[in-house]
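Inspection log for the structure reproduced underneath, given as structure tokens.
Remember, it's a predicted structure, so these values are computed and weren't measured experimentally. Read the numbers this way: they start at 1 and go in the same order the structure lists the ligands and their atoms.
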Amino acid sequence: MFVYLDNSATTKVAPEVVEIMAKTMTEDFGNPSSLHRMGLKAEKIMENARSLLASAIGASSDEIYFTSCGTESNTTAIRSAWNSMKRRGRRVITTLAEHSSVLRNVEYLERDSADAIYLPVKSDCSFDMDAFREALSEDTVLVSVMHANNEVGTIFPIAEIADELRTVAKDAILHTDAIQSFTKADCNVGRIKVDVMSLSGHKFHASKGVGALYIRRGLQLPALLLGGNQESGFRSGTENLPAIAGFGEAVRLAERAGAERVAHLAGVKDYLKGLILNNIADVRVNTPEDSLPSILNISFLGCRGEVLLHSLEAEGIYVSTGSACSSRSRGSHVLSAMGLSQEEIEGAIRFSFSEDNSLAQMDYVADKLRAAVMSQRKLRRTFSSRKA
Ligand code: PLP
């Protein structure tokens with residue numbers, strides 16, 4: 001059986017998305033900046049995608065900028081916001097649980113004299129509002145807090161963060177990385193009250209190579225990429241039309257599937273969690289109750305996540321030990337920010353779901369997982385008693 005449970009790393013491109021991408025590569029392949037008919041057609045396709053995204057997040061089309069990926073969206077948001085604000089104050093606040101594309105950029109700002117605060121998270125990866133209140137100061141110019149965590153699925157209370165922030169530093173910019181939450185949790189920019197929001201296509205069945213940035217109207221951020229003035233001058237470079245057209249289609253599909261898709265994901269996740277808790281001893285569930293429906297992170301004590309990953313792979317099951325981007329470095333910075341022990345960190349597996357997953361698949365996964373855990377624990381016990 002083939003069971004793909006690494007949808008937070010990337011998703012399969014939807015067939016409808018492939019179709020529209022192929023058409024924009026082979027027929028409607030004009031440059032949106034060209035003045036002739038083919039250019040106008042390309043521009044229309046691009047603007048249609050922009051308006052689909054705008055309407056899905058409660059924004060206007062002129063507040064959406066296409067980028068090449070989530071990393072570019074985060075980089076642009078953080079550096080442009082800092083460039084526009086650094087004369088007014090130096091404090092930048094983020095959390096220890098952010099994706100590396102946020103953390104590395106905040107560190108970059110520190111080298112440009114930012115006074116950065118990396119907020120701790122609680123043991124279930126929930127947001128520490130008291131620590132945030134303490135970190136807030138009048139010279140806070142930028143707050144970058146993710147909407148949902150990519151390793152354990154915790155959702156951060158962005159609207160409350162916005163309210164707290166605005167009582168102390170009303171002009172500060174609030175950025176959120178909604179790359180995992182978009183299409184799985186409410187990303188309406190009015191309701192979550194953000195100024196800037198990052199998105200990435202390949203996390204919701206569009207292709208790789210396309211992301212987007214929402215920037216609230218009225219907020220003037222300086223461009224990082226200069227050149228041909230595409231994207232209203234904010235992000236020069238010929239737009240990746242096929243990927244953008246596909247992004248729009250993937251948004252349309254997600255909107256159409258709506259709450260039903262989210263309920264399906266949550267059902268599959270809860271079912272697998274129940275099977276694991278009922279059939280495998282000595283586990284720690286690292287994902288809290290009120291989390292994204294698409295992510296389940298569990299530590300299997302006495303096991304190495306990486307070895308489990310390969311045992312499952314041999315059975316056609318694809319999971320991850322954490323975020324794809326940090327999987328080659330030692331341990332998870334998110335699990336360690338949650339205060340997990342080295343054993344819990346080493347034994348962690350992230351299962352991430354899509355609408356292609358079924359309950360029958362989860363029965364198969366739980367079966368193979370139990371066998372893999374038992375055999376690894378047995379081997380380790382034999383090995384350590386031999387050593388002793
Ligand atoms: N932010 C989060 C929360 C992510 O999960 C990811 C990807 O894993 C990124 C940013 C980076 O997105 P991209 O792979 O599109 O650069």
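By the 3.5 Å distance cut-off applied to N or O atoms, Gln180 is counted among the residues near ligand 1. Below 3.5 Å of separation, one finds an N or O of Gly70 facing an N or O of ligand 1.
Salt bridge absent: Glu255 and Arg252 never bring a charged side-chain N and a carboxylate O closer than 4.0 Å.
Residue contacts with ligand 1 for Thr71 involve both N, CA, C or O and side-chain atoms from C-beta outward (heavy atoms, distance under 4.0 Å). Of the heavy atoms in Asn149, none comes closer than 4.0 Å to ligand 1. Heavy atoms of Glu72 found under 4.0 angstrom from ligand 1: none, in either backbone or side chain. Contacts between Lys208 and ligand 1 below 4.0 angstrom, taking non-hydrogen atoms only, are absent altogether.
A donor and an acceptor atom, one from each side chain of Asn105 and Thr75, are located under 3.5 Å apart.
If you number the atoms of ligand 1 from 1 as listed, the ones under 4.0 Å from a heavy atom of Asn74 come out as 1 (N), 10 (C). Atom numbering of ligand 1 starts at 1 in the shown order; those under 4.0 Å from a heavy atom of Asn150 are 3 (C), 5 (O). Ligand 1 places these atoms under 4.0 Å from at least one heavy atom of Cys69: 15 (O), 16 (O). Close contacts between ligand 1 and Lys203 involve ligand atoms 6 (C), 7 (C), 8 (O) [criterion: under 4.0 Å to a heavy atom]. Interface of His202 with ligand 1, defined as ligand atoms under 4.0 Å from a residue heavy atom, comprises 13 (P), 14 (O), 15 (O).
Not a single heavy atom of Glu98 sits under 4.0 Å from any atom of ligand 1. Residue contacts with ligand 1 include Ser101, since one or more of its heavy atoms lies under 4.0 Å from the ligand.
For Phe234, the ring pair (Phe, Tyr, Trp, His ring centres under 6.0 Å) partners are Tyr65, not counting sequence neighbours. Contacts of Ser341 classified as side chain to side chain donor-acceptor pair (under 3.5 Å), with partners at least two apart in sequence or in another chain: Glu344.
A donor-acceptor distance shorter than 3.5 angstrom exists from the side chain of Asn240 to the backbone of Gly209, with no hydrogens or angles considered.
Contact annotation: the side chain of Phe353 approaches that of Met362 to within less than 4.5 Å [non-hydrogen atoms, C-beta and beyond].
Ring orientation note: the planes of Phe2 and Tyr318 are tilted relative to one another, at an angle of 30° to 60°. Between Phe300 and Phe351, the angle of the ring planes goes over 60°, which puts this pair in the perpendicular group of the 30/60° scheme.
When all heavy atoms of His175 and Leu142 are compared, the closest pair comes out as CB-CD1, 4.4 Å.
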